[in-house]
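Below: one structure, written as structure tokens.
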Protein chains: 2
Amino acid sequence: MSVQERKERERADRERLIVATARELAERQGWDAVTTRRLAERIEYSQPVLYSHFRGKREIVGAVALQGAAELAAELRTAAGGADGPRARAAALARAYLDFAERNPAVYDALFRLDGGLAFAEEETPQPLKDAFAALLESLGEVAGDGVHPGLFTEVFWAALHGLATLTRAGRLPPGDVGRRVDLLVDRLAVP
Amino acid sequence: MSVQERKERERADRERLIVATARELAERQGWDAVTTRRLAERIEYSQPVLYSHFRGKREIVGAVALQGAAELAAELRTAAGGADGPRARAAALARAYLDFAERNPAVYDALFRLDGGLAFAEEETPQPLKDAFAALLESLGEVAGDGVHPGLFTEVFWAALHGLATLTRAGRLPPGDVGRRVDLLVDRLAVP
DNA sequence: CCCCGATCCTAGCACCGCTAGACATTCGAG
DNA sequence: CTCGAATGTCTAGCGGTGCTAGGATCGGGG
């Protein structure tokens, strides 16, 4: 059954190509530029091929989001691992998070702004998403403070980071001063 | 010149009708359902009439956003005015903000998630937007703490509220617990 | 070797934001 | 009162979107 295996392998390759192409196009020109026609042209197949891999455009967004979640989790853990002490870890985590959002705006949008058809904060939430949240929780739980539920604290801290990331990039907050904002945030939210 | 006055009045009325209809439609069925065709049909005019009032759809979103900004500012001031003490004011403000976002999701999106073609955090920022931020600043400046720039503090606090509002509504945070999250946020961020 | 099923593409649907140009209506000058 | 101009509105259409039905083509198994 080597023939069938080869076909499956080629199919998997093509699926990866679709996701990578969508991601690159989104990162270069924004998600609005990611149309099924353009995407099909880039991978050198016709449109219907996309629909043999994904139900529709939203699922492609979701695939990019999952890929991004894994990377985000890894970067967060790396940043946290290189810092000494709970507060320093929280600060490093915050900076790494905002850095990721700035360097990968399209992936960040796929994760947290667009609808990729993924379940969040539920039983069926895909593993990479759970893991990214877990990466936050690992470091932030240490600075939640006594009597404060670590999960709740992480949610609030995360929301603050998300707000900073989105408002800054949407031009709602003046650029610059990012460092001072995150310093203030960590200084106040994290328990000494 | 009474005739001309009447025409101008009717024109202004129609413009208000467009904005109100767009807002209602967006609030009922989401901004995706607000198409120029549907909007034109609802106001019982043809599509090109919309373009004699607004440059395009984005400007209609912007008009809804400005309307919403004025309402948000008013609600924030009302909430803050009914609380005693700086911390209580900050807490009331936070609750009012999240309440507004929950009760007017489409307006909130027009303000802070969609592109309405409005300038933010700049010289040319429309007055209602500046005023809404000022309403935040009035109450939050009191709890910024010594040596902390009130504007910077307000930006961070606002970002946290925005994060909570958007992540909750997008299903990224489990519903419920909103009260506990905002309690934690105010408790930590606001200086005693 | 030939047939048949899997695979892929062409062509098209209904909808989108937006606009050119025809049409009607109203206004103001003579 | 008449008639041309200006104003206002609509019909029709352009190029784009996500998505899909149905026919052509290709390659492996009998």
Side-chain angles (χ1 to χ4, degrees), chain A residues 1-19 21-23 25-26 28-65 106 109-110 114-118, chain B residues 1-19 21-23 25-26 28-65 106 109-110 114-118:
Chain A
M1 286 296 152
S2 176
V3 169
Q4 199 166 346
E5 283 176 11
R6 193 205 68 219
K7 287 199 174 182
E8 283 176 20
R9 205 171 50 238
E10 287 174 351
R11 216 185 128 72
D13 283 347
R14 196 172 62 181
E15 187 156 319
R16 272 189 290 274
L17 177 63
I18 292 173
V19 176
T21 307
R23 175 173 176 169
L25 192 52
R28 274 188 211 269
Q29 306 182 233
W31 277 107
D32 281 352
V34 183
T35 70
T36 56
R37 280 172 176 78
R38 246 192 293 262
L39 190 50
E41 194 194 8
R42 297 273 177 119
I43 65 168
E44 296 180 312
Y45 281 96
S46 68
Q47 281 177 284
V49 168
L50 299 174
Y51 293 86
S52 74
H53 290 271
F54 303 94
R55 274 179 208 279
K57 189 182 171 181
R58 91 160 25 185
E59 270 199 7
I60 298 178
V61 174
V64 172
D109 283 349
L114 303 177
D115 179 13
L118 303 174
Chain B
M1 287 292 155
S2 177
V3 169
Q4 197 166 347
E5 282 176 12
R6 193 205 69 219
K7 287 200 174 181
E8 282 177 20
R9 204 170 52 238
E10 286 173 353
R11 217 185 128 72
D13 283 348
R14 195 172 62 179
E15 187 156 318
R16 271 189 291 274
L17 177 63
I18 292 173
V19 176
T21 306
R23 175 173 177 169
L25 191 53
R28 274 188 211 270
Q29 305 181 234
W31 277 107
D32 281 352
V34 183
T35 70
T36 56
R37 282 174 175 76
R38 247 192 292 262
L39 190 50
E41 194 194 9
R42 296 273 177 119
I43 64 168
E44 297 181 310
Y45 281 95
S46 67
Q47 279 177 285
V49 166
L50 299 175
Y51 292 85
S52 74
H53 289 270
F54 303 95
R55 272 179 209 279
K57 190 183 171 181
R58 93 164 18 188
E59 269 198 8
I60 298 177
V61 174
V64 172
D109 283 348
L114 303 177
D115 179 12
L118 303 174

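The chains referred to below are lettered A, B, ... by the order of the sequence lines, with proteins before strands, and numbering in each begins at 1.
- Atom pair Leu39(A):CG and dG18(D):P shows a separation of 9 Å (rounding to whole Å applied).
- With dT9(D), dT17(D), dC18(C) as the choices, the nucleotide that has an atom nearest any side-chain atom of Tyr45(B) turns out to be dT9(D).
- Rounding to whole angstrom units, CZ of residue Arg38(A) and P of dG18(D) are separated by 9 Å.
- The shortest distance between side-chain heavy atoms of Leu39(B) and Ile18(B) falls below 4.5 Å.
- When rounded to the nearest whole Å, the span between CZ of Arg58(A) and C1' of dT17(D) equals 16 Å.
- We find that CG of Leu25(A) is positioned 11 Å from P of dT17(D), with the value rounded to whole Å.
- Rounding to whole angstrom units, NZ of residue Lys57(B) and C1' of dG17(C) are separated by 8 Å.
- Distances from the side chain of Tyr51(B) to the nucleotides dT9(D), dC18(C), dT10(C) place dC18(C) closest.
- In the set dC9(C), dC18(C), dA20(C), dC18(C) carries the atom at the smallest distance from any side-chain atom of Thr36(B).
- Rounded to whole angstrom, the span from the CD atom of Gln47(B) across to the P atom of dT19(C) amounts to 11 Å.
- With rounding to whole Å, His53(A) atom NE2 is found 11 Å from dC9(C) atom P.
- Nearer the 5' end of DNA chain C, as judged by each residue's closest nucleotide, is the contact made by Glu44(A), out of Glu44(A) and Arg37(A).
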